[in-house]
Amino acid sequence: MGIAVIGLGRIGKVHAEIYRYRVEGAKLVAVVDIKEDLARMMGEKLGVKWYVDYEKALKDPEVDAVVICTPSYIHAEMVVRAAEEDKHIFCEKPLTVEAEDARKCVRAVEKAGVKLQVGYMRRFDYAYRRAKEKIEKGEIGEPLVFMGVSRDPAPPPGWVADPKLSGGLFLDLMSHDFDAARWLMGAEVEEVYVLAGALVYEQVRAMDDVDTAAVLMKFSGGKIGFVQGSRRSTFGYDIRAEVLGSEGCVFVGSSLDSTFALGTVRGVTFDGHPWFQRRFYDAYVEEDRHFVKVLLEDGEPLVKGVDGLRAVEIAEACWRSYREGRPVKLG
């Protein structure tokens, strides 16, 4: 499958290198970025064609699928255009910033008959997959409660800092937890209640975003969930989850990077993972391999367009709950 990676920021570079060197059945054909120097540099580094014009990449007959890693607020138009050109699509999370745009994307790919996978990579992480397997085998009984923690070391830079462009804390960061919760619990989120605020950073408050949040969720079947999100984690990138069942519990993730430890008379200390690329690199590889396998075997993506839509809907409900100070039902 001929792949073009669109957008060469921090995650686009990761995907481009993975498709170039680590995905059997895929051929990285081109890279695209509106910054000509960056597009040329990456194209020459990886030995592939480079474009500054997305439309030209879509017209390239060697391109079977696009991997969209551009800013969130332009995902929708790029997904729709790729579908119109009969290209399969991998779109980094979030699928879109607004739910109505996500619905347009889902309709566009259904009309075109192309595949759409959304980049919620935690479903491909070793620990999360083990948790899902144990739950499906009934080893913890009936899932009852989901608990998640997502903490970034610091607020995001650039356009991501503007919640109108990124969806803010609830979509940019915590939608990973919303997707993982739906997947692990095997249930839909029906209602959310949020307590949140800009408790640490004045620049976050100035952008009308929040840096600290707690989200209480009610799932179908009466199951419950809780997610705590933060833009402040002094000890590194901190991602954890657990699912409590009627007969046991699964625990996922850790703030510890066990590749290095310091032992002194005060004990042994471990560093935290510095950032998401290190914690979830193997998951990125696996989700890219899964995407190509889906295309080659005409299968269904593990994270479909409707999953991307659900994450956006939950984030929108969180914003409403926060602003209105009340529980908000979905649907």
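Keep in mind that the numbers below use all heavy atoms, side chains included, and drop hydrogens, waters and symmetry copies. These numbers come from a predicted model, not from an experiment. The chain is numbered in sequence order, starting from 1.
Panel note: side chain Lys93, backbone Asp172; a donor-acceptor pair is recorded below 3.5 Å. One N or O on the side chain of Ser166 and one on the backbone of Val160 form a donor-acceptor pair closer than 3.5 Å. In terms of modelled atom types and a separation under 3.5 Å, the side chain of His75 and the main chain of Pro94 share a donor-acceptor contact.
Electrostatic pairing of Asp208 and Lys164 does not count as a salt bridge here, judged by no charged N lying under 4.0 Å from a carboxylate O. Using a cut-off of 4.0 Å between Lys/Arg side-chain N and Asp/Glu carboxylate O, Asp307 and Arg310 are scored as not salt-bridged.
The aromatic rings of Trp319 and Phe170 stand perpendicular to each other, their planes meeting at an angle above 60°, with 30° marking the opposite boundary. Between Phe280 and Tyr237, the ring planes lie perpendicular to each other; the angle is over 60°, past the 30° to 60° tilted range.
Here Cys318 contributes atom SG and Met217 contributes atom CE; the two are 8.0 Å apart, rounded to the nearest 0.5 Å.
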**Report entry** Working for side-chain hydrogen bond (donor to acceptor under 3.5 Å, both in side chains), residues Ser150 and Arg122
**Finding:** CA-CA 12 Å; Ser150 281; Arg122 293 187 193 178; 3.0 Å; yes
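Inspection of the Thr70 and Tyr54 side chains reveals no N or O donor paired with an N or O acceptor under 3.5 Å. His15 and Asp288 share a donor-acceptor pair across their side chains, judged by distance under 3.5 Å alone.
Just one residue in the list Arg10, Arg22, Lys45 forms a salt bridge (charged side-chain N to carboxylate O under 4.0 Å, His left out) with Glu17, and that residue is Lys45.
Scanning all heavy atoms of the two residues, the minimum distance from His290 to Glu300 falls at NE2-O, 4.1 Å.
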